[in-house]
Amino acid sequence: MLEIGNIREEKDRIVAGLKKKNASQDQIDLLEKIIFDDDRRKSVQTQLDNMLSQINKLSDEIGILFKTGKAAEAGSLKSQVASLKEESKLLESELKEIKDSLEDMIIQLPNTPHATVPHGLKAEDNEVFKLWEKPMPVLGSDALPHWELAEKYGLISFKDGVMLTGSGFPVYKNKGARLQRALINFFLDEATAAGYQEIQPPLLVNKETARATGQLPDKEGQMYYCEKDDFYLIPTAEVPLTNLYRDTILQKSDFPVMLTGYTPCFRREAGSYGSDVKGLNRLHQFDKIEIVRIEHPDRSYDVIMEMVAHVEKLLIKLELPFRILRLCGGDMSFNSALTFDFETWSAAQGRWLEVSSISNFETFQSNRMKLRFRDDDGKTRLAHTLNGSALALARIVATLLENHQTPQGIKVPQALQTYTGFDMIT
RNA sequence: GGAAGAGUGGCAGAGCUGGUUGAAUGCACCGGUCUUGAAAACCGGCGUACCUGUGAGGGUACCGGGGGUUCGAAUCCCUCCUCUUCCGCCA
């Protein structure tokens with residue numbers, strides 16, 4: 001959620017930012033209305049406060065009359081308060097209405113992009129920030145896509161998943177299951193070695209939590225929902241991890257806040273179809289290790305590069321061809337001010353698969369969840385939040401199988417062998 | 001799931017027979033005096049948000065969440081949530 005103060009004070013910058021993010025004219029037009037309504041909010045707040053102040057004063061006077069045994073004289077004061085009270089009720093409901101509609105409007109505005117974000121509308125406009133340095137692997141003509149490899153070696157059963165639940169819920173078996181566990185441990189170990197604190201959060205969260213990181217209201221349809229208990233299945237560990245710091249005021253000495261967690265992620269992915277959902281490409285349930293950082297605003301753009309470097313190291317250790325994209329304004333998520341996507345090369349499919357997305361949200365999340373810190377001058381300010389996948393398992397498994405396939409079997413990268421306990425899948 | 005009790009500022013803990021209580025007191029924390037330095041002692045400060053004012057300041061709201069009674073509620077009532085204890089169930 002954008003800060004109202006920024007909307008008021010830096011309207012031109014916000015307009016330019018919204019345009020870069022490919023916002024609609026309707027969204028841009030909201031700014032004027034927001035400022036207008038915020039003026040109204042202030043004026044109604046002032047009236048209300050003055051009125052309540054009067055009520056308080058009169059009530060005190062009545063109290064004194066009662067104490068000094070002049071209760072009989074309180075009658076006219078009481079009726080004064082009664083009428084003021086009626087008026088104040090009206091103002092109160094007016095104020096609430098204005099505040100609600102203000103929030104409704106502000107919530108429709110996406111975050112504004114950082115200066116380094118490239119212009120553009122769609123995926124093709126993203127900037128290739130970095131390409132892996134080694135030559136791309138060349139596979140034989142008999143190379144198989146991962147879903148065939150998974151079947152050939154008995155690693156994953158998509159069929160059984162359909163039987164148990166439905167499509168998009170694969171069952172990992174044998175060395176496939178072991179590979180999953182190895183990757184989880186590998187990623188968690190790498191993250192904790194880099195200084196991230198390991199967290200095991202709940203997989204179901206309440207409305208308030210889903211709201212604070214921005215999943216509600218706009219991504220409601222993407223989450224699984226337990227109606228009976230009013231809980232949402234998390235679409236990413238970002239939700240519970242970042243919310244750990246909801247409504248808090250950090251001391252500067254609390255920085256850096258570095259969290260990591262492994263969780264399954266649940267996504268309805270309504271509307272996806274075709275080759276997008278083939279094999280492991282897009283699942284309703286997949287495993288992911290997330291890294292989250294809460295930072296001083298002065299540091300957040302250094303920190304995002306640290307996170308990029310961390311993920312890059314992981315992919316190098318897994319010996320997977322990758323590229324890093326700096327997303328253009330039109331392709332970035334609603335919440336983000338700057339996003340780097342990592343894609344690994346799916347050799348047998350001949351396409352890039354997104355395996356990580358690292359974003360700086362600046363104060364967009366912290367504003368909504370009241371995540372502040374105390375600055376040197378003693379004042380509270382909103383902290384910056386960042387997160388990234390490090391890494392998402394399913395697609396890593398897909399490209400791992402495809403890129404490391406040989407006529408003898410699938411080679412396990414060196415770094416992973418201590419975790420798998422085998423160096424070859426045969 | 002059933003029964004009883006409880007939820008107050010960073011923590012501990014008063015207030016809960018309704019009226020200078022945003023909230024005693026202690027600890028923690030910050031500043032100062034003292035000291036070669038530190039500790040102790042003493043003095044002062046010490047919540048968040050919003051409105052208003054150039055500023056000093058003034059005002060409003062908040063004592064788990066929401067609603068109600070009342071001229072007035074941390075204090076009374078309703079409801080929800082959470083915690084503790086006992087019973088039941090269970091990995």
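Labels below follow one simple rule: chain letters A, B, ... track the order of the sequence lines, proteins then strands, and each chain is numbered from 1. Only heavy atoms go into these numbers, but all of them, side chains included; no hydrogens, no water, no symmetry mates.
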Checklist entry - Does Asp125(A) use its side chain to pair, donor to acceptor, with the backbone of Pro118(A) at less than 3.5 Å? => result no
Next on the checklist: Between C1' on G18(B) and CG on Asp60(A), what's the gap in Å once rounded to a whole number?
Outcome noted: 13 Å
Checklist entry - Got a donor-acceptor contact below 3.5 angstrom from the Asn367(A) side chain to the Phe364(A) backbone? => result no
Item to check | Whole-Å P distance, G64(B) and G13(B) | outcome: 15 Å
Item to check | Counterpart base for A40(B), defined by Watson-Crick or G-U wobble contacts under 3.5 Å | outcome: none
Checklist entry - Centre of Phe422(A)'s six-membered ring, under 6.0 Å away, within 45 degrees of the axis: is that where NZ or CZ of Lys175(A) sits? => result yes
Item to check | Pair assignment for C29(B), Watson-Crick or G-U wobble, requiring both distances under 3.5 Å | outcome: G45(B)
Next on the checklist: Counting only side-chain heavy atoms from C-beta out, which of G47(B), U52(B), C71(B) sits nearest to Phe66(A)?
Outcome noted: C71(B)
Checklist entry - On a whole-Å scale, what distance lies between the P atoms belonging to U82(B) and C27(B)? => result 36 Å
Checklist entry - Contact class for Ile55(A) (heavy atom, under 4.0 Å): base, sugar-phosphate, or nothing? => result nothing
Checklist entry - Checking all strands, does Ser43(A) fall into the base, sugar-phosphate, or nothing category for heavy-atom contacts under 4.0 angstrom? => result nothing
Item to check | Any donor-acceptor N/O pair, Gln222(A) side chain to Glu269(A) backbone, under 3.5 Å | outcome: yes
Item to check | 5'-most by nearest nucleotide on RNA chain B - Leu77(A) or Gln47(A) | outcome: Gln47(A)
Checklist entry - On a whole-Å scale, what distance lies between the P atoms belonging to G72(B) and A61(B)? => result 12 Å
Item to check | Side chain proximity check, Gln47(A) to Ser43(A), heavy atoms < 4.5 angstrom | outcome: yes
Checklist entry - What distance, rounded to whole Å, do you find between the two C1' atoms, one in G9(B) and one in G15(B)? => result 14 Å
Checklist entry - When you compare A91(B) with C86(B), how far apart are their C1' atoms, in angstrom units rounded to a whole number? => result 22 Å
Checklist entry - Between G19(B) atom C1' and Lys57(A) atom NZ, what is the distance in whole Å? => result 17 Å
Item to check | Heavy atoms of other groups near Lys219(A) NZ, more than 12 under 6.0 Å | outcome: yes
Checklist entry - Using purine N1 to pyrimidine N3 plus N6-O4 or O6-N4 for Watson-Crick, or N1-O2 and O6-N3 for G-U wobble, each under 3.5 Å, what pairs with C63(B)? => result none
Item to check | Atom-to-atom span, CG of Asp229(A) to P of U82(B) - whole angstrom | outcome: 10 Å
Next on the checklist: Any strand counts, and the cut-off is 3.5 Å on both contacts for Watson-Crick or G-U wobble. Which nucleotide pairs with C86(B)?
Outcome noted: G2(B)
Next on the checklist: Please give the distance between the C1' atoms of G45(B) and U36(B) as a whole number of Å.
Outcome noted: 28 Å
Checklist entry - Where the side chain of Ser53(A) is defined as all heavy atoms beyond and including C-beta, which of U48(B), G72(B), G59(B) is the nearest nucleotide? => result G59(B)
Item to check | Distance, rounded to the nearest Å, where Glu208(A) contributes CD and C80(B) contributes C1' | outcome: 15 Å
Checklist entry - Mapping Thr380(A) and Lys89(A) to their closest nucleotides on RNA chain B, which lands nearer the 5' end? => result Thr380(A)
Item to check | Length of the line joining Leu91(A):CG and A61(B):P, which is rounded to integer Å | outcome: 14 Å
Next on the checklist: Please classify the nucleic acid contact of Asn56(A) as base, sugar-phosphate, or nothing, using heavy-atom distances under 4.0 Å.
Outcome noted: sugar-phosphate
Checklist entry - If the C1' atom of G1(B) is compared with that of G88(B), how far apart are they to the nearest Å? => result 8 Å
Checklist entry - With a non-hydrogen cut-off below 4.0 angstrom, is Leu58(A) in contact with a base, only sugar-phosphate, or nothing? => result nothing
Checklist entry - So which nucleotide from U52(B), C71(B), G59(B) ends up closest to the side chain of Lys78(A)? => result C71(B)
Checklist entry - Counting side-chain heavy atoms from C-beta on, which of C50(B), U48(B), G19(B) comes nearest to Arg41(A)? => result C50(B)
Checklist entry - Between C71(B), A61(B), A49(B), which nucleotide gets closest to the side-chain atoms of Leu52(A)? => result A61(B)
Checklist entry - Taking the same atom, C1', in C43(B) and in C80(B), what whole-Å distance lies between them? => result 47 Å
Next on the checklist: For A14(B), give the paired nucleotide (Watson-Crick: N1-N3 plus N6-O4 or O6-N4; G-U: N1-O2 and O6-N3; both under 3.5 Å), or none.
Outcome noted: none
Checklist entry - Aromatic rings Phe255(A) and Phe373(A): how do their planes relate, parallel, tilted or perpendicular, breaks at 30° and 60°? => result perpendicular
Checklist entry - Okay, side chain of His284(A), backbone of Arg268(A): is any donor-acceptor separation there less than 3.5 Å? => result yes
Next on the checklist: In this structure, how many angstroms lie between the P atom of U20(B) and the CD atom of Glu61(A), rounded?
Outcome noted: 15 Å
Checklist entry - Between Glu92(A) (CD) and G66(B) (P), how many Å, whole number? => result 12 Å
Item to check | Pairing partner of A24(B) (Watson-Crick or G-U wobble, both distances under 3.5 Å) | outcome: none
Item to check | For G53(B), the Watson-Crick or wobble partner whose two distances fall under 3.5 Å | outcome: none
Checklist entry - Who is the Watson-Crick or G-U wobble partner of C76(B), with both distances under 3.5 Å? => result G68(B)
Checklist entry - Gln45(A) has a side chain; which of G19(B), C50(B), U52(B) sits nearest to it? => result C50(B)
Next on the checklist: Whether Arg374(A) contacts U48(B) is assessed here as follows: a side-chain N or O lying under 4.0 Å from the phosphate OP1 or OP2. Is that the case?
Outcome noted: yes
Item to check | Spacing of Ile64(A) atom CD1 relative to C71(B) atom C1', expressed in whole Å | outcome: 13 Å
Item to check | Nucleotide of G72(B), C50(B), U52(B) approaching Asp49(A) most closely (side-chain heavy atoms) | outcome: C50(B)
